[in-house]
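The structure displayed is predicted, hence computed values, not measured ones. Quick note: residue numbers are just sequence positions, from 1. Basis for what follows: all heavy atoms, side chains included, without hydrogens, waters or symmetry-related copies.
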Amino acid sequence: MKTYLVGGAVRDELLGLEVKDRDWVVVGADIDSMLNAGYQQVGSDFPVFLHPKTHEEHALARTERKSGKGYTGFVCDFTPDVTLEEDLQRRDLTINAIAKAEDGSLIDLYGGQQDLNDRLLRHVSPAFVEDPLRVLRVARFAARFHHLGFRVADETLALMQEIVESGELEALTAERVWKEWEKSLSSQHPEVFLSVLRDCGALAVVLPEIDALFGVPQPEQWHPEIDTGVHTLMVARQAALLTEDPVIRFAAQVHDLGKGLTPKEEWPSHKLHTKLGLKPIKALCERIRVPNAYRDAALLVCAEHTNVHNAGELKAATFVKIFDRNDCWRKPEKIPQLATASKADHQGRTGFEERDYPQSEWLTGAFDTASAVEVKPIVAAGFKGPAIREELTRQRVEAVKGYLEGHRVLGS
């Protein structure tokens, strides 16, 4: 029985990155020998074991044979005679198919180290096309390692296109699509996940609402980049620069879905996109089972981002109405979500990347000022019933008015 460190741990170590999870493959063992050695078996698809002391995952070396559609349509063989070479050959990318022996030596049978040096995401074997999930995984790796200069190899992109054309992507479960997208949101370049999916044709299959934005024009005066899809990628990039919060990054990526529904005869204007966008956001989130926190933030940003853009002209009462209808008093986290995503939208345009955006500060300042108004003094003053609410609103409006007069410069 021999044990090897494999996958991301070896890859990240060679790249000089922090190794967070360490996975091991065991050659020459079976279930009984692992249990007898004190390992705890977990997992149902194929045997995975937890080390008795480190609790790190150890999997029996295995081969996979395609037997049906989708990423689950495989028959696995994990008998003791499966070799390390066979186990590594089933992996997706060469940079993930490097093993490290107990003596520290590397077993690199498919050129992974060279591809690390060349900053290349390249498939291990033609069997790559058998697993449709790999399309999303490669897109996610492209997003994760873009800042290091990695790109998808042309021949691998061609195989990804082949998977899309085969219809296999449709077999992916909603949970897996969301899981890969969510992971990409925590990368330095989440926009690359979307762009790679579009490059191979997968975006139209798994996220058609976003794909529909490409080719839709916007007024050149406000959007020099013109194309709404290009704008979406730029907004995704700006959101990543502004915050590490994946919820806000998600909201930024889907804030303009309504522009994909604007009738062509109205192009390049999109006067109703904030209302039209709510339905596709809800449909997308329901289809791939996006958590409610992400969905709610996306709906908020879609509905209100143009109001934030116009914050220099809004009345104090309008600010309070925005806070009221979005239940911001009970859910104050909505304010930074709206402020940050709106700023990303503003700066996600050609030539606007470095422009100031005081509107986000005005929104935050107005809310903080209005929130400071307390209800207890109002009750103590003798207000009762609906009059309490009316007086609270009046005082909040006056407080916001005072804030805006001291901080806002119209037209700035």
Legend entry - With His147 via ring pair (Phe, Tyr, Trp, His ring centres under 6.0 Å) - residues at least two apart: none
Inset, instruction - Could you tell me which residues satisfy ring pair (Phe, Tyr, Trp, His ring centres under 6.0 Å) with Trp178, sequence neighbours excluded, listed by chain and number? - result: Trp181, Phe250, Tyr294
Inset, instruction - Indicate yes or no: does Arg237 engage Glu353 in a salt bridge with an N to O separation below 4.0 Å. - result: no
Legend entry - Glu209/Arg287 ion pair, N-O < 4.0 Å: yes
Inset, instruction - Compare every heavy atom of Arg295 with every heavy atom of Val290, then report the nearest pair and how far apart it is. - result: CG1-N, 4.2 Å
Quick one: side chains of residues 390-401, donor-acceptor pairs under 3.5 Å with protein atoms, not counting sequence neighbours, listed by atom name and distance.
from: Glu391; atom 1: OE1; to: Arg394; atom 2: NE; distance (Å): 3.1
from: Glu391; atom 1: OE2; to: Arg394; atom 2: NE; distance (Å): 3.3
from: Glu391; atom 1: OE2; to: Arg394; atom 2: NH2; distance (Å): 2.7
from: Glu391; atom 1: OE2; to: Gln395; atom 2: NE2; distance (Å): 2.9
from: Thr393; atom 1: OG1; to: Arg389; atom 2: O; distance (Å): 3.0

Suppose we screen for side chain to side chain contact (heavy atoms under 4.5 Å, CB included). Which residues come up paired with [X], at least two apart in sequence or across chains?
X	answer
Ala344	Val235, Gln238, Ala239, Leu242
Ala61	Val25, Val27, Val82, Asp87
Glu265	Pro263

Legend entry - Step-by-step side-chain contact (heavy atoms from CB on, under 4.5 Å) determination, Asp324 to Val320: CA-CA 6 Å; Asp324 280 340; Val320 175; 3.7 Å; yes
Contacts of type salt bridge (charged side-chain N to carboxylate O under 4.0 Å, His left out), residue [X], not counting sequence neighbours:
X	result
Asp21	none
Glu175	Arg289
Glu182	none

Below 3.5 Å, can you tabulate the donor-acceptor pairs from side chains in residues 2-20 to any protein atom, sequence neighbours excluded?
from: Arg11; atom 1: NH1; to: Asn96; atom 2: OD1; distance (Å): 2.6
from: Asp12; atom 1: OD2; to: Arg144; atom 2: NH2; distance (Å): 3.1
from: Glu13; atom 1: OE2; to: Lys100; atom 2: NZ; distance (Å): 2.7

Inset, instruction - Please collect all salt bridge (Lys or Arg N to Asp or Glu O under 4.0 Å) contacts where either partner lies in residues 111-128, sequence neighbours excluded, each pair once. - result: Asp115-Arg122
Legend entry - Check: Thr350 side chain, Pro224 main-chain N or O, donor-acceptor pair, under 3.5 Å: no
Expected list for residues 377-387: side-chain donor-acceptor pairs under 3.5 angstrom, two or more places apart:
none

Inset, instruction - With rounding to the nearest 0.5 Å, note down the distance linking CZ in Phe193 to NE2 in His146. - result: 15.5 Å
Legend entry - Gap between atom CD of Gln218 and atom OG1 of Thr262 - 0.5 Å precision: 9.5 Å
Legend entry - Steps toward side-chain contact (heavy atoms from CB on, under 4.5 Å) verdict (Arg137, Asp131): CA-CA 10 Å; Arg137 280 176 54 83; Asp131 186 354; 5.9 Å; no
Inset, instruction - Anything under 30° is parallel, anything over 60° is perpendicular, the rest tilted; go ahead and classify Phe128 against His123. - result: tilted
Inset, instruction - Could you please spell out the steps behind the side chain to side chain donor-acceptor pair (under 3.5 Å) verdict for His270 and Asp256? - result: CA-CA 10 Å; His270 299 277; Asp256 264 351; over 6 Å; no
